[in-house]
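A note on names: the letters A, B, ... follow the listed sequences, proteins ahead of strands, and every chain is numbered from 1. Only a predicted model underlies this, so the values are computations on that prediction, with no experimental measurement involved.
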Number of protein chains: 2
Amino acid sequence: MATLATTTAIESPSGRANPSAAPNGKGTQKTQSTANSSTKRIRDTKYRHVFATHAEPKTSCLSHDADHTPSFVGFRNLMILVLIVSNLRLMIVNFRKYGVLICIRCHDYRRQDVVYGLLLYLLVPCHLFVAYLIELAAAWQAKNALARMKKAGEDTDTPMEMAAARKSFNATWHVVALCHGVNATLNLIIATKVVYYDIHHPGIGTLCEFHAVIMWLKSCSYAFTNRDLRHALLHPNHSEPLPELYATCPYPRNINWRNLVYFWWAPTLVYQPMYPRTSHIHWGMVFKHMLEVACLSIVIWIASAQYAAPLLQNSLDKISTLDLVSIAERVMKLSTISLFCWLCGFFALFQSALNALAEVTRFADREFYGDWWNVHSIRTYWTTWNKPVTHFMRRHVYAPLVGRGCPPALAQIIVFVLSGLLHELLVGVPTHNILGVAFAGMMLQIPLIALTDALQTMKGIRGKVAGNIIFWVSFCLVGQPLAALLYFFAWQAKYGSVSRRFDASPAAQFFRR
Amino acid sequence: MATLATTTAIESPSGRANPSAAPNGKGTQKTQSTANSSTKRIRDTKYRHVFATHAEPKTSCLSHDADHTPSFVGFRNLMILVLIVSNLRLMIVNFRKYGVLICIRCHDYRRQDVVYGLLLYLLVPCHLFVAYLIELAAAWQAKNALARMKKAGEDTDTPMEMAAARKSFNATWHVVALCHGVNATLNLIIATKVVYYDIHHPGIGTLCEFHAVIMWLKSCSYAFTNRDLRHALLHPNHSEPLPELYATCPYPRNINWRNLVYFWWAPTLVYQPMYPRTSHIHWGMVFKHMLEVACLSIVIWIASAQYAAPLLQNSLDKISTLDLVSIAERVMKLSTISLFCWLCGFFALFQSALNALAEVTRFADREFYGDWWNVHSIRTYWTTWNKPVTHFMRRHVYAPLVGRGCPPALAQIIVFVLSGLLHELLVGVPTHNILGVAFAGMMLQIPLIALTDALQTMKGIRGKVAGNIIFWVSFCLVGQPLAALLYFFAWQAKYGSVSRRFDASPAAQFFRR
């Protein structure tokens, strides 16, 4: 529709005489006095039709030779608006097509799943307590060794005694490490076996597997940290100074029941004898964060049940006939919903839940994530979005590997391989399909990191923007929706409608192998 | 899909000892030397598992008590990406559903439309030349009057002679004004009658009507400006100084053939004896701007034919049964396409076409629009997006009205009424449906201006953002698509499928009244 701009108020042009200056300035910070003076000026002027509107050369603000580049902040508002409107429209279409799909009572889970889930919930933390018992024994042995050393004389610096001490320490550590290894591995194996074979519901399975992996990482950190603390105790003259923070709780005083329970609940995967703490608990903040978690969980549930579920269901026959254009179309549509759910889930877990937990445990280091949405390189994304795991990998995998002489690049690849295995465990096991897609997705990050790192060497802002775009594309279009689609299809091929309707399709056969 | 963050490179934590500092800093401005030193530091450290990862209190960057508010520039990139992807998806769906709808040969227009269009194209500028002839006569009369005055003596300042001079000027002006009025009105009436009754094709009709309105505005400006210049000539002692720019071409020297032809083609609606000019023509820029116009026109044509046309067609039965939710859904879908076409059209006309014309005519004032996309108030939008018409309305309607004692607010309303009438002329006449929707849309701007002006008195940024959002909502959702839908439906009710298929529907009957 063609429109003609017509009105009266505009900034005062820089002409000599300005009989047509309007009562209100451009910025609309008008005052009655300027309005009156402007009107008076017009009335005092005799020749209103001769004013030189075009008095001097000016440029169009979108031209390359413009005097100043205009702001485009209005287009940002427009984008937000278009996104809201176009998704509201899709919600109307969805409602017209499917009605309300959300239903609390129809939720289908087996009694056995809940029973096994609760059993795992009680069993998994026991492994952390077994690790505590192992450390208790090791600490007792260390105290005895220290007492013997003191008896033998203050000076243990002769080379022979040094070698004997190292030998004794290593012998103990091998036994302790074996015990920790068996304990931690048993934790993962038992949880994985139960989730894979006995818990049908993927949601309950995911929670159990997550819990087991978190406890596994905590057990490992507890064992590794106490090993180094014990070594420092037994070699007081050779050790570097320990962090000052630990001074109030030296080894082996930290091996106690209260300290372990604190580490069990603290929002970190990295064990320290002491953490920075806040002075008191703001229960109002705890309540606010819990409310956020509850609301966001409901929002995610509605988005999945009402929007993602029919979309995934619709795409089954497209995947089974390998109709690539339609699969691309489905992935594109799914990407908005999966992105929305992911952002809500990120906020609920890393901002709301972890902050609530930190508030209750008076844990003062709340940096659970950085501003990963601005990253220019995939590398920075993986170090920013999930700081608890990053901290674990850095302290207990990367640094020890590099310290032992492993090249940093290889150490990074090893970290990604380990991370990929954990991802596959967390996604493949609860969905009963070890497809390797999650693992492959993590491995794919390595060339992407090389690519975005190379882009950062470009001058100016372009390389940064390109890096950010590559991150979002790989994250929104490949990472989330494609993987969700593949695991959903594999699930359906194994249990759901696909196995009955598309028994003969090549894709279904591939996934059922 | 749950993901675990794992990698190695991160900014160096501010701990005392940092055995696990990774080879690359956060900003990835890594150098080989820092990477090496960092690896060496890890290798020199003995206790890699005891490093105090959590050494000091930190905040989550999304919390209210965060040390610094993070940038959200990454989400801007994400929004652009989501918009592109979701519209690409709609293009895939559209192609699957309709195939290619673009067809050059199928374009349907009558021979009569083209003939009448060409006739109007030749006839309409003639009215500008009639205005020139009228002014030529008036200038001749003024020169004679001046000569008589000089003969009678230099001093014409006695009250009686002043009154006689004013009387003589006014008598001449009444005749001149009548001639101009008849000429300009005839222009509009003839063009409107031919477009409404004889040109069926709305595209050809719109072009003709636009041309007629532009020439009408130019004729008016030519008449008004020369009236004031003539008055200044005849009352040399009482007149205020004229703009310096006009000094090189004083009245009546400006009433000449060359001057008129320049005004005919200059990209302005406001007549001045002289304009700021550039020194020479950059033909490269002209070519570039013309190419932009061509490409954007093709893009708009494709968007209309492939995406808007089936959408409008689909919504016909929704409108005829007054299914309000579906109409809202159609308007929402149409809003993106109409917005896209409008933005392309704006750029093609106000940036590319007017700049090309300005380059060819060496017209130096290229400020054809401001940064209207950032406006906080609807008032500023109407004074910013179309400067040529704003200049006309300010100089020839608003300022004279206020100068004659009309209250500024009333003068503004009069400007909007005039603008609304012109809008209705430009939309209603070529579509052969004087619905009054375009006029009502312009009138609706007045309360919106009051609302957004009131918002600007709010402190801080909120009122500004709210004003911008209100602008975009009224512009994207009500202004463009709803009006397009209504005029399309009215067209179809009169000529197209609706009249046959939905003869009895209340909406069709309403529009056919």
Side-chain angles (χ1 to χ4, degrees), chain A residues 1-2 4-8 10 20 23 28 42 47-50 52-54 57-58 60 62 70 74 77-79 89 92 224-225 228 243 245 270 275-276 329 332 351 364-367 371 373-374 377 382-383 385-386 389 391 393-394 398-400 402-403 408 412 419 426 456 468 472 483, chain B residues 1-2 4-8 10 20 23 28 42 47-50 52-54 57-58 60 70 74 77-79 85 89 92 224-225 228 243 245 270 275-276 329 332 351 364-367 371 373-374 377 382-383 385-386 389 391 393-395 398-400 402-403 408 412 419 426 456 468 483:
Chain A
M1 177 178 147
L4 274 174
T6 53
T7 192
T8 56
I10 196 158
S20 51
T28 67
I42 294 177
Y47 300 127
R48 290 151 204 133
H49 295 291
V50 296
T53 303
H54 304 289
K58 285 180 193 163
S60 304
L62 292 177
N77 296 340
L78 176 63
M79 284 199 296
R89 186 188 79 78
I92 294 178
F224 284 132
T225 309
D228 271 11
L245 187 67
V270 162
Y275 294 98
E329 188 269 329
M332 282 164 147
Q351 168 65 14
D365 184 356
R366 312 272 167 102
E367 205 190 33
D371 57 341
W373 46 87
N374 298 327
S377 117
W382 287 108
T383 56
W385 88 271
N386 182 340
V389 173
H391 290 325
M393 292 291 181
R394 184 147 54 92
Y398 177 79
V402 172
Q412 291 178 21
S419 173
L426 288 174
Q456 299 321 300
N468 189 250
W472 282 117
Chain B
M1 179 179 144
L4 275 173
T6 54
T7 190
T8 56
I10 195 157
S20 51
T28 68
I42 293 177
Y47 301 128
R48 287 150 206 135
H49 294 292
V50 297
T53 303
H54 304 290
K58 284 179 193 163
S60 304
N77 296 340
L78 175 64
M79 284 199 296
V85 168
R89 185 188 79 78
I92 294 178
F224 285 131
T225 309
D228 271 12
L245 187 66
V270 162
Y275 295 98
E329 188 269 328
M332 282 165 147
Q351 168 65 15
D365 183 357
R366 311 272 167 104
E367 205 190 32
D371 56 341
W373 45 89
N374 298 326
S377 119
W382 288 108
T383 56
W385 89 271
N386 182 340
V389 172
H391 289 325
M393 291 291 180
R394 185 146 56 91
R395 194 164 94 156
Y398 177 80
V402 173
Q412 291 179 21
S419 172
L426 287 174
Q456 299 320 300
N468 190 249

Separation of M332(B) CE from R89(A) CZ (nearest 0.5 Å): 9.0 Å

Spacing of CZ belonging to R366(B) relative to OG belonging to S60(A), to within rounding of 0.5 Å: 7.5 Å

Closest heavy-atom pair and its distance - P57(A), P276(B): N-CB, 4.0 Å

Stepwise side-chain hydrogen bond (donor to acceptor under 3.5 Å, both in side chains) test for D365(B) and H54(A): CA-CA 6 Å; D365(B) 183 357; H54(A) 304 289; 2.9 Å; yes

Value rounded to 0.5 Å, distance of CZ in R395(B) from CZ in R48(A): 13.5 Å

Under 4.5 Å from any heavy atom of chain B - which part of L62(A): both

CE on M79(B) to CH2 on W472(A), rounded to 0.5 Å: 11.0 Å

Considering all heavy atoms, the nearest H49(A)-T225(B) contact: O-OG1, 3.3 Å

Under 3.5 Å: donor-acceptor pair, side chain of N374(A), backbone of G74(B): yes

Interface residue of largest heavy-atom contact number with chain A, from V402(B), L245(B), V270(B), under 4.5 Å: V402(B)

Region of E329(A) that comes under 4.5 Å of a non-hydrogen atom in chain B: both

